[in-house]
Amino acid sequence: MSTSSGSGMDAAEAWDQTLLLTHYQHTPQAVVSGMALSALTAYVLWNAAPQQMLLTWLVVVETLMGLRLLVARYFLHGGGRTCWSMLHWRVVTHVQTFTSGLGWGSLGLFYGVIDEPVTRTAVMMTLMGACAGSAALIGALRGTLLTFGVLAMGPLIGVLLTHGALVQTYMGVALVYYVYMVMVKGPSRISLAMAAQHADRCDRDRLVARLEDAERVGQMGHLIWQQASKLSTLSAEAQRQLGFDGPTVTEARQIWNRVIDQDRERVVQLSSQAVARGDLELRFDTTIHGPFGLRDLRVVQRFDYDPQGQIVQTMTTTQDITELKTTQRELHTLAFEDVLTGLVNRAGFTQRLHERPVQAVLMLDLDHFKYVNDTLGHATGDRLLVMMAQRLGTCLRSQDTVARLGGDEFAVLIHDAVDLEQLDRIARRLVEALSAPCRIDDHDIFVSASVGIAVRGCGGEALAATDPDTLMQQADTALFAAKASGRSRHQFHSEDLSQRTRDRVSMEADLRRGLSDRQFSVHFQPKVALVDGRIVGAEALLRWNHPVRGNVSPEDFIPVAEDSGLIVAIGAWVLRDACAAAAEWNRARAPGEPPLCIAVNLSPRQFLNHDLIGTVTTALARTGCRAEWIELEITERLLLDERGQAGETLDGLRAMGLTLAIDDFGTGHSALSYLTKYPISTLKIDKSFMRDITTRTDQAGVVRAIISMGHSLQLGLVAEGVETTEQANFLREQGCELAQGWLFGRPMPRSEFTALLKQHTRTLPA
């Protein structure tokens with residue numbers, strides 16, 4: 001509300017200022033005319049009126065009008081508008097009106113001292129003319145005209161009304177009506193009309209200003225070319241775009257010359273052809289030489305024709321799309337180039353795959369790259385990808401297409417004819433180059449590469465692909481097989497691989513159904529104390545009894561669960577079941593008996609990528625299991641974490657009261673220096689060392705070394721895969737405390753393990 005009122009006051013003030021300016025602009029002419037009229041009046045009345053009185057009147061009126069002339073000059077040319085406020089000038093105007101009215105009104109007093117009727121009539125007509133003239137000069141200024149009219153005609157009206165004669169009285173009343181119509185009613189209508197006209201002009205000005213603002217914001221200009229005048233009228237934005245100083249251009253050629261030389265002929269021809277065909281509209285993009293350099297314009301021309309089909313005018317809209325064109329060019333570059341490595345990206349790879357002849361497709365994947373990201377950070381991972389891209393470039397030829405498809409996936413297109421031996425050499429060279437160690441920020445990073453190869457029409461195991469997409473799918477299938485075969489190798493596609501891929505997809509689908517249909521179960525393998533054969537706990541092991549496949553080996557389904565991510569949900573379920581079993585068995589223990597500790601394996605995906613502490617906390621709370629009844633087994637690879645994530649998680653788990661063990665110790669990247677850094681409680685000696693422990697001195701030596709190291713670090717030791725009494729005796733003699741294996745019991749369902757606990761004796765099997 002207040003905003004509208006304020007804007008209304010501003011408009012009224014502006015209108016008053018306009019009227020005041022108009023008044024003073026017309027004052028010199030009106031004053032000169034008035035001075036001439038007063039002199040002429042004195043001349044006409046000289047012999048009919050008292051001359052001294054008449055001369056005095058003339059001097060006063062001429063002086064007042066002379067002063068008005070000086071004031072008007074000061075307002076217009078002497079800086080008066082800046083020295084005095086508009087309010088001050090309105091007061092001055094009212095004072096001038098008042099004095100002028102008094103000056104001219106005193107002429108009416110002569111009516112009573114003049115005897116000649118004609119001369120009296122001249123006085124009356126002079127005053128009526130002065131009032132009419134003043135209405136044209138000050139009629140729009142509020143309050144001034146009525147003041148002048150009353151003062152100028154009042155004395156004459158008073159003389160007429162008091163003269164006594166009926167005719168005189170009638171003339172006095174008629175003059176009152178005249179004053180009302182000329183000095184009040186007429187100017188009021190004129191003022192309203194002028195105000196309305198001013199408001200319309202202001203509205204048009206505001207509309208034009210808004211349109212100019214919109215053009216400036218949208219960088220859109222317009223120009224109109226008239227056939228009759230051959231003139232072009234340009235908007236403000238069009239002037240800015242094209243570099244013209246004024247709103248009109250006399251020759252259309254001046255506008256066409258703004259178009260760059262190499263595009264001008266095309267643009268002129270487009271416009272000419274459109275007019276020749278009678279088109280109503282033409283759209284095109286071009287580049288011009290503008291005041292700010294080269295600019296891209298989008299142009300829309302609309303043509304008006306007369307009934308004979310001759311062009312009448314052309315209305316053209318121009319939009320500056322320089323930024324848009326620049327962005328489009330950048331996006332086009334980015335659309336086919338990988339920002340990080342500078343290689344061709346997936347879109348560019350797909351384009352070349354379909355547009356150029358392809359003899360072979362090689363799909364590459366960095367083994368364990370995700371682990372680098374998780375442990376050393378994404379910045380290090382990005383630098384590693386750049387190094388790998390550079391190595392790829394040195395291994396391939398310039399005619400080959402090398403692309404990064406995303407993440408750690410790369411691909412190579414071989415466009416010319418090659419045989420299988422050449423491809424085999426290329427693949428070996430790629431694996432060797434990408435498997436060489438990388439040094440980044442004082443870290444020696446070891447990754448390897450797996451390569452899948454699909455070949456078109458080379459015979460042998462490589463099948464001829466019917467289309468590029470099939471060729472790529474076959475290379476992807478071969479890559480998966482290379483990774484499943486142990487990584488750091490290459491694999492050619494074959495029909496057998498396709499079948500294995502289909503089997504893998506089928507198994508993943510069955511895993512998802514198995515999880516929802518509760519087809520999984522947890523078996524428990526006893527863990528015993530070698531010194532007396534006492535069962536001290538168990539390892540929880542996942543089993544899958546498929547309704548069609550039967551009992552599926554963990555070696556077959558665990559890798560699929562890992563790759564698909566299902567291992568996270570499955571692992572959480574195994575943890576809850578193990579916690580429930582541990583709670584049941586430990587509550588049933590006799591007083592004084594030490595508690596059983598149940599070991600649960602953790603997947604790397606569970607450990608690094610999810611809220612493991614939250615998962616463990618929930619499992620313990622829901623089952624009522626105590627933390628010290630659970631031991632979590634991790635792999636050695638997790639200890640290579642350089643960012644501290646593994647340490648934080650391990651510290652959090654240990655603070656909860658759980659014990660932590662390293663599973664399959666000695667088979668991976670043994671990070672011995674980390675055994676003292678992290679809160680590890682137990683080392684599990686891998687079962688691969690057990691088979692020849694009593695027959696091979698080297699194997700026995702490795703186990704002795706592990707046991708000795710464990711003792712020196714005050715770590716618990718568990719030997720896996722113990723199957724014979726001789727193995728158990730050897731481990732006992734070396735000081736290994738605990739063992740598990742078929743000698744002490746196979747993995748069994750929960751009910752069987754419960755029964756085993758009840759009947760178990762404290763002696764080792766004979």
Side-chain angles (χ1 to χ4, degrees), residues 26 29-65 68 93-193:
H26 290 86
Q29 181 180 0
V31 167
V32 171
S33 300
M35 294 176 73
L37 178 62
S38 61
L40 180 62
T41 301
Y43 176 77
V44 171
L45 300 179
W46 186 255
N47 294 322
Q51 294 179 348
Q52 185 63 38
M53 180 179 174
L54 184 61
L55 184 60
T56 302
W57 171 84
L58 178 62
V59 171
V60 170
V61 171
E62 292 287 348
T63 301
L64 289 175
M65 286 190 289
R68 286 185 63 186
T93 303
H94 282 285
V95 171
Q96 288 179 331
T97 301
F98 185 81
T99 56
S100 296
L102 288 177
W104 282 103
S106 61
L107 180 63
L109 299 176
F110 286 92
Y111 191 90
V113 297
I114 296 175
D115 296 328
E116 297 178 3
V118 175
T119 307
R120 287 180 174 180
T121 303
V123 171
M124 184 184 300
M125 295 299 293
T126 299
L127 290 174
M128 291 177 67
C131 287
S134 65
L137 178 63
I138 62 174
L141 295 176
R142 288 193 297 270
T144 56
L145 186 57
L146 180 59
T147 299
F148 181 83
V150 170
L151 293 175
M153 298 298 292
L156 177 59
I157 293 173
V159 171
L160 291 173
L161 292 178
T162 60
H163 199 276
L166 179 61
V167 174
Q168 311 289 359
T169 302
Y170 170 76
M171 292 174 63
V173 173
L175 286 177
V176 171
Y177 182 72
Y178 171 81
V179 170
Y180 171 73
M181 293 301 294
V182 174
M183 315 302 284
V184 178
K185 194 67 175 178
S188 175
R189 292 174 180 173
I190 294 173
S191 179
L192 289 175

Could you please spell out the steps behind the side chain to side chain contact (heavy atoms under 4.5 Å, CB included) verdict for Ser38 and Met65? CA-CA 10 Å; Ser38 61; Met65 286 190 289; 3.6 Å; yes
List the steps, then state whether side chain to side chain contact (heavy atoms under 4.5 Å, CB included) holds for Leu107 with Phe110. CA-CA 6 Å; Leu107 180 63; Phe110 286 92; 3.9 Å; yes
According to side chain to side chain donor-acceptor pair (under 3.5 Å), who are the partners of [X], at least two apart in sequence or on a separate chain?
X: Gln51; result: none
X: Gln29; result: none
X: Ser106; result: Trp57
X: Thr41; result: none

Given the rule in the side chain to side chain contact (heavy atoms under 4.5 Å, CB included) test, do Trp104 and Leu37 qualify, once you have shown the distances and angles that lead to the verdict? CA-CA 11 Å; Trp104 282 103; Leu37 178 62; 4.0 Å; yes
Go through the structure and list residues passing side-chain contact (heavy atoms from CB on, under 4.5 Å) with [X], not counting sequence neighbours.
X: Ile157; value: Met153, Leu161, Leu175, Val176, Val179
X: Phe98; value: Leu102, Thr147, Leu151
X: Val150; value: Leu146

Identify each donor-acceptor pair in which a side-chain atom of residues 122-129 lies under 3.5 Å from a protein atom, sequence neighbours left out, and give them as a table.
unit_1: Thr126; atom_1: OG1; unit_2: Ala122; atom_2: O; d: 2.7

Which atoms form the tightest heavy-atom contact between Ala42 and Leu58, and what is the distance? CB-CD2, 3.8 Å
Going by the side chain to side chain donor-acceptor pair (under 3.5 Å) test, which pairs reach into residues 111-122, not counting sequence neighbours? Tyr111-Gln168, Glu116-Thr119
Got a second to check how far Thr97's OG1 is from Arg68's CZ, nearest 0.5 Å? 6.5 Å
Quick one: pull up CD1 in Ile114 and CG in Leu54 and give me the separation to the nearest 0.5 Å. 8.0 Å
Just wondering, do Leu156 and Leu109 contact through their side chains at under 4.5 Å, heavy atoms? no
Tested for side-chain contact (heavy atoms from CB on, under 4.5 Å) against Thr99, the lone hit among Leu64, Val61, Thr63, Val60 is Leu64
